[in-house]
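Scroll down for the structure; my scribbles are underneath it.
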2 protein chains.
Amino acid sequence: MEKVKIIIADASMPSANGLRDLLQKVPGYTVVSVVGNGKELLDLLKDHPCDLVLMEVGMPVMDGIDTMRSIRELHPAIVVLTVTKLNAIEYINSMLVEGAKGYFLKSGRSEELLHAIQQVLRGEQYLSPAAQESVDKGYAYTSKDPSGAYVGLTPRERDVIRLIALERTNDEIAVHLSISTDTVKSHRKSLMTKLNVRSAAGLVKYAVDREWI
Amino acid sequence: MEKVKIIIADASMPSANGLRDLLQKVPGYTVVSVVGNGKELLDLLKDHPCDLVLMEVGMPVMDGIDTMRSIRELHPAIVVLTVTKLNAIEYINSMLVEGAKGYFLKSGRSEELLHAIQQVLRGEQYLSPAAQESVDKGYAYTSKDPSGAYVGLTPRERDVIRLIALERTNDEIAVHLSISTDTVKSHRKSLMTKLNVRSAAGLVKYAVDREWI
DNA sequence: GATACAATACCCACTAAGGGTGAATTTGTC
DNA sequence: GACAAATTCACCCTTAGTGGGTATTGTATC
């Protein structure tokens, strides 16, 4: 019987290695590769297929949510289990909407992770208890979109949110991007509406969590 | 010969387990415990001494910097190696000032971590290349304190910075803490001066990084 | 009792950000 | 070519935050 081929996508070395070591102990599993961001994962998948991906949401270069969308498009058969420390509802919702089969929080126990893997491999959804609780409590960032559709940011909006998180004022951002201050304000307003936050604080948290800064 | 007793303090399960598994393979080392935050660590140290602590900066309940200060006071003989994903200068500086012997970034390789451990156990300081680079570039948050003294926040300032990160306005914070809006502004000013940031964005990043939200 | 600091509160002036509305232009896709 | 989406820009007005002070009280610590 073929072993389940697993790839781990996590920028944090001890975390990625910890997952690898844990899974290598399981007879039916084989970790074929460990990558540090979404781009590396997609490059690898081009000619190295696998059955299961364990993926962190917060990764540099290309984060988990964007990566998830590409995987669903390019490799629909791959099962993805999110393995992250982020338990905010917007990430859970985003990952599930984009097609992740499960959402496991890193505060959980190893045995629970193995259980989660078995469950998603069987085709069932898995959510960590705390994640399930967040989902039950309702949607914070996504309340304006009850359909559950993913709220994507445009490239320009990402430019702006990054600079906001870097403590730049609207004027400075305008100079940096060679656009008018009014345009920066436009993007800022779109960002706040999309992410359903009330102030710059919410934008900064979003950018920090996703490791965009 | 006695084995080196090691405790790992890291709230992230795969990360903590990854470190534990890595160290258990080394003949001279023994991981006596794994804890999830600074408070658990200090409780454990009361009657379970150890030689080396690997500690993450970002931990819930009690973060690495506060924990470091207590360790230096209560258990001066224990060698602490910071093992974190945070590479901002203020954390590096804070941990070193508080008495950590080394600062290892989780993006580094396992062999490098073992090398770092050997180095701090010999009594030498260790810094990850990227961390060394940050130090060379100068101090961002701590530029106003060239002596390198740790910039500590008072309990009230922590209340305020947390609420700022939670997107509360000054008025809301005032009501929540039962103080006047002017007092909130006073705390806000102190925070920005102490942390040497220009706007709320810097405060939010600080709070998010330290997992205070 | 003197010192230091945290916490509280107030003043003033100025700048930045938030919220609403509308619209032109480019870009890519069907 | 029609359509949707992204990007750009311009007004309006209101509120919130920033930066500079100063000052009082309480509470440790020396």
Side-chain angles (χ1 to χ4, degrees), chain A residues 65-66 69-70 73-74 141 143-145 147 149-207 212, chain B residues 66 69-70 73 141 143-145 147 149-207 212:
Chain A
I65 298 174
D66 289 337
R69 193 177 316 109
S70 294
E73 205 174 300
L74 303 169
Y141 281 73
S143 63
K144 290 197 175 161
D145 198 337
S147 71
Y150 173 66
V151 181
L153 301 188
T154 67
R156 206 50 160 174
E157 285 168 350
R158 294 181 191 212
D159 291 338
V160 174
I161 199 175
R162 278 193 68 253
L163 291 166
I164 290 171
L166 290 172
E167 299 180 59
R168 305 294 163 79
T169 63
N170 287 339
D171 282 344
E172 289 170 344
I173 295 170
V175 170
H176 188 87
L177 298 179
S178 302
I179 55 181
S180 86
T181 305
D182 281 316
T183 305
V184 177
K185 287 170 118 180
S186 268
H187 290 308
R188 198 171 185 129
K189 278 180 271 197
S190 301
L191 282 165
M192 294 206 292
T193 304
K194 278 187 179 179
L195 302 179
N196 196 26
V197 298
R198 303 196 302 154
S199 66
L203 299 180
V204 174
K205 273 199 292 178
Y206 188 89
W212 282 352
Chain B
D66 288 338
R69 192 176 318 109
S70 293
E73 205 173 299
Y141 282 72
S143 63
K144 290 198 175 162
D145 199 337
S147 71
Y150 174 65
V151 181
L153 301 188
T154 67
R156 208 48 161 174
E157 284 168 349
R158 294 182 191 214
D159 290 339
V160 174
I161 199 174
R162 276 193 70 253
L163 291 166
I164 291 171
L166 290 172
E167 300 179 59
R168 307 293 164 78
T169 63
N170 288 339
D171 282 343
E172 289 170 344
I173 295 170
V175 170
H176 188 87
L177 298 179
S178 303
I179 55 180
S180 83
T181 306
D182 285 316
T183 306
V184 177
K185 287 169 136 184
S186 278
H187 289 309
R188 201 173 182 127
K189 276 184 276 193
S190 301
L191 282 166
M192 294 207 292
T193 304
K194 277 187 179 179
L195 302 178
N196 196 26
V197 299
R198 304 196 302 153
S199 66
L203 299 179
V204 174
K205 273 200 294 178
Y206 188 90
W212 283 352

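Below, chains carry the letters A, B, ... as their sequence lines are ordered, and counting in each starts from 1.
In this structure, a donor-acceptor pair under 3.5 Å is absent between the side chains of Ser186(B) and Thr183(B). Side-chain polar atoms of Thr181(A) and Asn170(A) form no donor-acceptor pair below 3.5 angstrom.
Comparing dC10(C), dC9(D), dA7(C) against the side chain of Thr183(A) picks out dC9(D) as the nearest.
Counting to the nearest Å, the P atom of dA16(D) and the CD1 atom of Ile164(B) are 15 Å from each other. Distance Asp159(A) CG to dA6(D) P: 14 Å, rounded to the nearest Å. Between the CD atom of Glu167(B) and the C1' atom of dA16(D) there is a distance of 15 Å, given to the nearest Å. Between the P atom of dG19(C) and the CG atom of Asn196(A) lies a distance of 11 Å, rounded to the nearest Å. Across the protein-nucleic acid pair, Arg198(A) atom CZ and dG17(D) atom P stand 9 Å apart, rounded to whole Å. The separation between Arg156(A) atom CZ and dT26(C) atom C1' is 13 Å, rounded to whole Å. Here dT8(D) presents its P atom at 8 Å from CG of Leu177(A), a figure rounded to the nearest Å. Straight-line distance from the CG atom of Leu203(A) to the P atom of dG18(C): 7 Å, rounded to whole Å.
Glu167(B) is listed as a side-chain neighbour of Lys205(A), based on a closest heavy-atom distance under 4.5 Å. For the pair Ile161(B)/Tyr206(B), a side-chain contact is recorded, criterion being any heavy-atom separation below 4.5 Å from C-beta on. Proximity of Arg158(B) to His187(B): side-chain heavy atoms (C-beta onward) are nowhere separated by under 4.5 Å.
Comparing dG19(D) with dG18(C), their P atoms are spaced 16 Å from each other, to the whole Å.
Taking 3.5 Å as the limit, the base of dA6(D) and the side chain of Thr154(A) contain no donor-acceptor pair of atoms between them. Applying the 3.5 Å distance criterion, the base of dG20(D) shares a donor-acceptor pair with the side chain of Lys189(B).
Note that CD1 of Ile173(B) and CG of Asp159(B) are 10.0 Å apart. Values are rounded to the nearest 0.5 Å.
Side-chain N/O atoms of Ser180(A) include none lying less than 4.0 angstrom from OP1 or OP2 on dT8(D). A close approach under 4.0 Å does occur between a side-chain nitrogen or oxygen of His187(B) and OP1 or OP2 of dT8(C).
Taking a cutoff of 4.0 Å between a charged side-chain nitrogen and a carboxylate oxygen, Glu157(B) and Arg188(B) do not qualify as a salt bridge.
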Protein-nucleotides 12-17 of chain C N/O pairs closer than 3.5 Å?
residue	atom	partner	partner atom	Å
dA17(C)	OP2	Asn170(A)	N	3.1
dA17(C)	OP2	Asn170(A)	ND2	3.3

